[in-house]
Amino acid sequence: SWEAPLSARSYASWRDQLPEKRDEVENVRDGGASLYRIRTTTPAGALAEATITLRARDFTPVKGTFQFRDSDYVEITEAAAPDPEPPAPAHEIARATPPAAPEPVPSAPPAAPGPSEELQALAALHRIGADLGEPIELTRRPDGIFVTGTGIDPARQEQLRASLAHVPQVRLRFQEPRPMSPEESGAGAALSVAVSPPAHAAAIQNAVGGQLAFEEFSNRALDLSDAAIARAHALENLARRFPASEEARLSKSDLDLLAALRGGHARALAASISELAGMMGPALAALGAAAAPAQHETLAGSWQEATGQVLAAAQQADHLISVLLAGANTDLPPAQVPQQLAAALSRLQALSAAYRNAYGGAEEGQP
């Protein structure tokens, strides 16, 4: 309690609500005084460690220290009683006493971050391409915007620090991946995997010009599909973080920033899908798939709902591409895969174009 920081009751109330904690009690001496020092550490919450020191003779708190998880450190000590002053001469007492200076008003704690601060942090990550599938987690809590990177190399860490340095209330942390247990990693177990070539590999090789061309074709198609999925997930992340209720709390400038982030992902998604559909068309035709007719897709009512449509379509097309080019498992008969993929790509191309036109805005530098 900042109103009574040297309070055994406040300390006990904080300690009692911790789900996990470790306590240490020491009997120490300071000068001639006997003291009890109680230290509590916890992995839960913003406060990592708190210590309260009590006089042994009457259990009065005389000192408290607070170590926060973001490395902030606070120490509070009981004020010593001032030395008595000699009585002032009579002529000094009669002299007018100047008015006392007003007591300083304690500064209020910062307000809990809102959707605006969260958006600023996302925009900072977007500027360095850190919102497209990297192991970086952003969480908005009452005590700050926490950005946690797992297994990030030192050079990338510096980029993240520089990008987020001026975003208010951001706390950036890095951690190493949790080591896998032998059970999770399968250490010691014999593993035999038989890999079968995709059912249509030979026909696609003939269509694209041989084994080497097939490998290049497959790698490019899978890369384009991965890029589309990453953009669709980035859009879904925006839609999940900024539903209509949160979007209504944003200022005009924040709404413009949100639209710019959404537009950049929408245009990149549509471009990847257009290139992917164009390069897959001849190969699918060689496999006997009829060209899917041009489709007109109707988007859901809000951009958040429409984002879910686009993500589902991208995931379906991505799975079928993995089945066709990489031999991924499927319940479909092999003969049906090319036609199903042609239809999925046609629908995805129509949806991504409609989404770009509705919510993509203009390219930078264009009206």
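Everything quoted here is computed from the prediction, not taken from an experiment.
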Check: Should F242 and L122 be marked as a side-chain contact (heavy atoms from CB on, under 4.5 Å) after you check the CA-CA gap, both sets of side-chain angles, and the distance that decides it?
Finding: CA-CA 11 Å; F242 301 101; L122 283 172; 3.6 Å; yes
Check: Has the side chain of S163 got a donor or acceptor atom that lies under 3.5 Å from a matching backbone atom of A124?
Finding: yes
Check: Does the Q120 side chain pair with the main chain of P168, one donor and one acceptor, at a distance under 3.5 Å?
Finding: no
Check: Can any side-chain N or O of R267 pair as donor or acceptor with the backbone N or O of G360 at less than 3.5 Å?
Finding: yes
Next item on the list: Could you tell me whether a side-chain N or O of E158 sits under 3.5 Å from a main-chain N or O of A155, the two making a donor and an acceptor?
Entry: no
Item checked: Other residues, nucleotides, ligands: >12 heavy atoms within 6.0 Å of E20 CD -> no
Checklist line | Within-4.5 Å side-chain heavy-atom neighbours: T40 and E24 | finding: no
Notebook entry, point to check: Is there a donor-acceptor contact under 3.5 Å linking the side chains of Q309 and E305?
Noted result: no
Note to self: Nearest 0.5 angstrom please: L269 CG to R231 CZ, how far?
What the structure shows: 8.5 Å
Check: Hey, what do you get for CG (L320) to CG (L345), rounding to the nearest 0.5 Å?
Finding: 8.0 Å
Check: Given the rule in the side-chain contact (heavy atoms from CB on, under 4.5 Å) test, do E247 and L258 qualify, once you have shown the distances and angles that lead to the verdict?
Finding: CA-CA 9 Å; E247 194 176 16; L258 177 59; 4.0 Å; yes
Item checked: Student check: side-chain heavy atoms of K21 and T41 closer than 4.5 Å -> no
Check: Quick one: CD1 on I229 to CG on L311, what's the gap to the nearest 0.5 Å?
Finding: 6.5 Å
Item checked: Cluster overlap I136 with I128, hydrophobic side-chain contacts below 4.5 Å -> yes
Next item on the list: May I ask whether L351 and I273 are part of the same hydrophobic cluster, defined by side-chain heavy atoms of I, L, V, M, F, W, Y residues being less than 4.5 angstrom apart, directly or through others?
Entry: yes
Check: About how many Å separate CD1 of I38 and CD of E26, when rounded to the nearest 0.5 Å?
Finding: 11.0 Å
Notebook entry, point to check: Of all heavy-atom pairs between P338 and L324, which one has the smallest distance, and what is that distance?
Noted result: CG-CD1, 4.4 Å
Next item on the list: Nearest 0.5 Å please: distance from the OG1 atom of T60 over to the CZ atom of R55.
Entry: 4.5 Å
Check: Counting N and O atoms only, with roles assigned by atom type, does the side chain of S322 sit under 3.5 Å from a partner on the main chain of D318, one being a donor and the other an acceptor?
Finding: yes
Next item on the list: Inspect the surroundings of NZ in K63 and state if more than 12 heavy atoms from other residues, nucleotides or ligands are less than 6.0 Å away.
Entry: no
Item checked: Side-chain donor or acceptor of Q169 paired with backbone N/O of A111 under 3.5 Å -> yes
Margin query: Is the terminal nitrogen or CZ of R141 (NZ for Lys, CZ for Arg) located under 6.0 angstrom from the six-membered ring centre of F146 and within 45° of that ring's axis?
Written below: yes
Next item on the list: Under the side chain to side chain donor-acceptor pair (under 3.5 Å) rule, what do Y359 and T307 come out as? Steps first, then yes or no, please.
Entry: CA-CA 10 Å; Y359 305 116; T307 298; over 6 Å; no
Margin query: A side-chain contact here means heavy atoms from C-beta on lying under 4.5 Å apart; do V147 and R171 qualify?
Written below: no
Note to self: Please determine whether residues V208 and L287 belong to a single hydrophobic cluster, defined as Ile, Leu, Val, Met, Phe, Trp and Tyr linked transitively by side-chain heavy-atom distances below 4.5 Å.
What the structure shows: yes
Checklist line | Shared hydrophobic cluster, F174 / L164 (ILVMFWY, side-chain heavy atoms < 4.5 Å) | finding: yes
Notebook entry, point to check: At their closest point, which heavy atom of L138 faces which heavy atom of E118, and how far apart are they?
Noted result: CD2-CG, 3.8 Å
Check: Mind checking whether L257 and W303 sit in one hydrophobic cluster, side chains of I, L, V, M, F, W, Y counted as touching below 4.5 Å?
Finding: yes
Margin query: Any side-chain to backbone donor/acceptor pair from S272 onto A228? Under 3.5 Å, distance only.
Written below: no
Note to self: Main chain of L35, side chain of N27: is a donor-acceptor contact present, judged purely on distance under 3.5 Å?
What the structure shows: yes
Next item on the list: Output, in order, the C-alpha distance, side-chain angles, deciding distance and verdict of side-chain contact (heavy atoms from CB on, under 4.5 Å) for V62 and L54.
Entry: CA-CA 6 Å; V62 296; L54 313 172; over 6 Å; no
Notebook entry, point to check: Any ion pair linking E275 and R220 (charged N to carboxylate O, less than 4.0 Å)?
Noted result: yes
Next item on the list: Look at the aromatic rings of F59 and Y36 and report parallel, tilted or perpendicular, splitting at 30° and 60°.
Entry: parallel
Notebook entry, point to check: What pair of heavy atoms forms the shortest contact from R262 to L235, and how long is it?
Noted result: O-CD2, 3.6 Å
Check: Any side-chain heavy atom of R241 sitting closer than 4.5 Å to one from L119?
Finding: no
Notebook entry, point to check: Salt bridge check: are R249 and D254 linked by an N-O gap of less than 4.0 Å?
Noted result: no
Next item on the list: Taking the side chain as every heavy atom from C-beta outward, state whether H265 and L132 have any atom pair closer than 4.5 Å.
Entry: yes
Item checked: A221 versus L276, closest heavy-atom pair with distance -> O-CD1, 3.6 Å
Check: Do you know which two heavy atoms are closest between E176 and T150, and how far apart they sit?
Finding: C-CG2, 4.1 Å
Next item on the list: Would you check, one step at a time, whether the test side-chain contact (heavy atoms from CB on, under 4.5 Å) holds for M280 with L341?
Entry: CA-CA 9 Å; M280 290 298 302; L341 177 54; 3.8 Å; yes
Note to self: For a side chain to side chain donor-acceptor pair (under 3.5 Å) check, start with the C-alpha distance between Q316 and Q340, then their side-chain angles and the critical distance, and finish with the verdict.
What the structure shows: CA-CA 10 Å; Q316 181 188 21; Q340 291 282 342; 5.0 Å; no
Next item on the list: Apply the test salt bridge (charged side-chain N to carboxylate O under 4.0 Å, His left out) to residues E134 and R156: give CA-CA distance (whole Å), side-chain angles for both, the deciding distance (0.1 Å), then the verdict.
Entry: CA-CA 11 Å; E134 288 189 63; R156 189 58 163 166; 2.4 Å; yes
Margin query: Can you tell me how far apart CG (D131) and CG (L261) are? Round to the nearest 0.5 Å.
Written below: 7.5 Å
Item checked: Short N-O contact, E246 and R140, less than 4.0 angstrom -> yes
Margin query: If I compare all heavy atoms of R29 with all of S34, which pair ends up nearest, and what's the gap?
Written below: NH1-CB, 3.6 Å
Notebook entry, point to check: Any sub-3.5 Å donor-acceptor pair from N357's side-chain atoms to A353's backbone N or O?
Noted result: yes
Next item on the list: Report the residue from L222, L212, I204 that forms a side chain to side chain contact (heavy atoms under 4.5 Å, CB included) with F217.
Entry: I204
Check: Hey, is the main chain of Q349 close enough, under 3.5 Å, to the side chain of S352 for a donor-acceptor pair?
Finding: yes
